[in-house]
Number of protein chains: 2
Amino acid sequence: MHQKLREHIEKIILLTDDEFSLVLSHFNSRSFKKKEFLIDKGDTNIDCYYIVSGLLKLIYEDENGNEHIVSFAMEDWWESDFIAFFTQTNATMSLQCIEDTDVFCISIENYQKLCAVLQKMEHFLLKKSNSGHIASQRRILSFLTSSAKDRYDLLLKQHPSLFQRVNKTMLASYLGVSRETLSRLSS
Amino acid sequence: MHQKLREHIEKIILLTDDEFSLVLSHFNSRSFKKKEFLIDKGDTNIDCYYIVSGLLKLIYEDENGNEHIVSFAMEDWWESDFIAFFTQTNATMSLQCIEDTDVFCISIENYQKLCAVLQKMEHFLLKKSNSGHIASQRRILSFLTSSAKDRYDLLLKQHPSLFQRVNKTMLASYLGVSRETLSRLSS
DNA sequence: TAACATTTGTGATGTTTGTCACACGTTAGA
DNA sequence: TCTAACGTGTGACAAACATCACAAATGTTA
């Protein structure tokens, strides 16, 4: 597991063994079973997660109890309720396992400490944050410019593996349409 | 103009006079008239802009020639086609003045240099990037969970000043509904 | 100020999507 | 292996929204 994290980071910055040990000391390694919650809405002291293996969904429950999938997160991705993580407030979203999942997690305190003690990591995290920002912009664009059918086709093209790992109800929730509409789109 | 940028940065990190001069040397100051383009789709070498005064729209034109407003940007905000800026590719979006606008702009080369020569600025930019990420997440949530009417009400609550400065056609484009639907929502 | 372009509201109509109901096959656990 | 929960497709209908057309109000420029 350590090796995967190291390779992931070293795609952007190079680390000595000592530096990587220092990095690692700021993380905890944890495992979760399918349907378990890494974050439950209302939780405080939200961590940020690097996903070694498995699949997660970040969900928002509206006032009618309907679940909306803000994003899926799979191997090699970083995920959190970033609003709660960065602003150090209660989680408004939940992060739940779709499959058994192994992660490294880091608290906001350790995130800040790590940036302070190892400048390279601040650089790494800036790159990651910028990538996250870009991914969000793309998703906004898809809502602005595309019909449900087009969003479906785009997702199928960009993340075909999701269609094997995630049921139709969740895909519909991610695309922002009802289960029934999605069913009619794909037939 | 310099003072505004300095105050903006010093909300997060403190700078000596020399440090601020160093920061400033990485930026250019520019002014644009209403309807002028800071970024035109297809442009290369996209800059990132800090807005001193004025109002901009970031737009995406779809294959049918329809304009979609990805975001508005006003005083004290940072804006760019971040996809093009960070990935150093051609702009797919345009950034256009709604009002006369003064900005500081920075190239990706200077952005990277500045991070390298002044660690504090890397910290500042990480904070800004995280804020941008959060703002995008909120916008995605509004598309997932809210009807056009609810998105309209939310915008009115969060940014009432926009309703004075921007016409209804643009508001509709930002909210992702037709001009006619918006008109019926607000009456 | 006259001529023209832009902005806005509103009716009529069609399309897209949501909601409710139900049937049927699959999966998971006792 | 039996049973209950879950996942999926589909019909009928309602609601939300887009599109087209047009008129009135407002803004802009020669």
Side-chain angles (χ1 to χ4, degrees), chain A residues 32-37 54-55 57 59-69 72 96-101 140-156 160-187, chain B residues 33-36 55 57 59-69 72 96-100 140-156 160-187:
Chain A
F32 297 87
K33 291 280 170 199
K34 187 170 172 174
K35 297 201 179 176
E36 266 192 283
F37 286 88
L55 183 58
K57 57 179 178 178
I59 59 190
Y60 178 83
E61 193 176 310
D62 67 24
E63 59 277 15
N64 306 318
N66 298 318
E67 170 180 314
H68 303 272
I69 296 185
F72 294 110
Q96 188 181 15
C97 291
I98 297 174
E99 305 171 356
D100 293 356
T101 298
I140 291 169
L141 262 184
S142 79
F143 278 113
L144 277 175
T145 65
S146 303
S147 66
K149 170 69 175 154
D150 290 344
R151 293 203 297 280
Y152 175 86
D153 292 339
L154 192 68
L155 186 65
L156 185 56
S161 66
L162 269 183
F163 287 69
Q164 265 71 58
R165 298 169 74 179
V166 164
N167 70 39
K168 305 285 177 80
T169 304
M170 288 195 263
L171 279 182
S173 170
Y174 177 81
L175 291 169
V177 294
S178 71
R179 182 183 70 71
E180 294 91 336
T181 297
L182 181 69
S183 168
R184 286 181 252 261
L185 288 178
S186 52
S187 60
Chain B
K33 291 280 169 198
K34 187 173 172 172
K35 296 200 180 179
E36 266 191 284
L55 184 59
K57 57 179 177 178
I59 59 189
Y60 178 83
E61 192 176 309
D62 67 24
E63 58 278 14
N64 306 317
N66 298 317
E67 171 181 312
H68 303 272
I69 297 185
F72 294 111
Q96 189 181 15
C97 292
I98 297 173
E99 304 171 355
D100 294 356
I140 289 169
L141 262 183
S142 80
F143 278 113
L144 277 175
T145 65
S146 304
S147 66
K149 171 67 174 156
D150 290 344
R151 293 203 298 279
Y152 175 86
D153 291 340
L154 192 68
L155 186 64
L156 185 56
S161 65
L162 268 183
F163 287 68
Q164 265 70 59
R165 297 169 75 178
V166 163
N167 71 39
K168 305 287 177 79
T169 305
M170 288 195 264
L171 279 182
S173 170
Y174 177 81
L175 291 170
V177 293
S178 71
R179 183 184 70 70
E180 294 91 336
T181 297
L182 180 71
S183 169
R184 285 183 252 259
L185 288 179
S186 53
S187 61

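Below, chains carry the letters A, B, ... as their sequence lines are ordered, and counting in each starts from 1. Keep in mind it's a predicted model, so treat the numbers as computed, not measured.
Rounded to whole angstrom, the span from the CG atom of B:Asn167 across to the P atom of D:dT28 amounts to 11 Å. Spacing between atom CZ of B:Arg179 and atom C1' of C:dG9 amounts to 8 Å, rounded to whole angstrom units. With rounding to whole Å, B:Arg151 atom CZ is found 14 Å from D:dA16 atom P. Taking atom CD1 on A:Ile98 and atom P on D:dC6, their separation rounds to 16 Å, with Å as the unit. When rounded to the nearest whole Å, the span between NZ of B:Lys35 and P of D:dG27 equals 14 Å. A straight line from CG of A:Leu185 to P of C:dT17 spans 7 Å, rounded to a whole angstrom. Taking atom CD of B:Glu180 as the reference point, atom P of D:dT19 lies 8 Å away to the nearest angstrom. In this structure, the CG atom of B:Asn66 is 7 Å from the P atom of D:dT19, given to the nearest Å.
Comparing D:dA21, D:dT10, C:dG18 against the side chain of A:Val177 picks out C:dG18 as the nearest. Listed candidates were D:dA18, C:dT19, D:dG9. Nearest to the side chain of B:Ser178 is D:dA18.
On a pure distance criterion of 3.5 Å, a polar donor-acceptor pair joins the side chain of B:Arg184 and the base of D:dT19.
OP1 or OP2 of C:dG9 has at least one side-chain nitrogen or oxygen of B:Lys168 nearer than 4.0 Å. Between D:dG7 and A:Thr169, no contact under 4.0 Å exists linking OP1 or OP2 to a side-chain N or O.
With salt bridges taken as basic N to acidic carboxylate O contacts below 4.0 Å, none links A:Lys34 and A:Asp100.
Formation of a donor-acceptor pair under 3.5 Å by the B:Ser186 side chain with backbone atoms of B:Ser183 is found in this model.
Closest heavy-atom contact between B:Leu175 and B:Leu155: CD2-CD2, 4.1 Å.
In this structure, B:Ser183 reaches the bases: a heavy-atom distance under 4.0 Å links it to at least one base atom across the strands shown.
Between A:Phe163 and A:Tyr152, the ring-plane angle classifies as perpendicular under the 30° and 60° cut-offs.
Residues B:Tyr174 and B:Leu162 fail the side-chain proximity criterion, which asks for heavy atoms closer than 4.5 Å.
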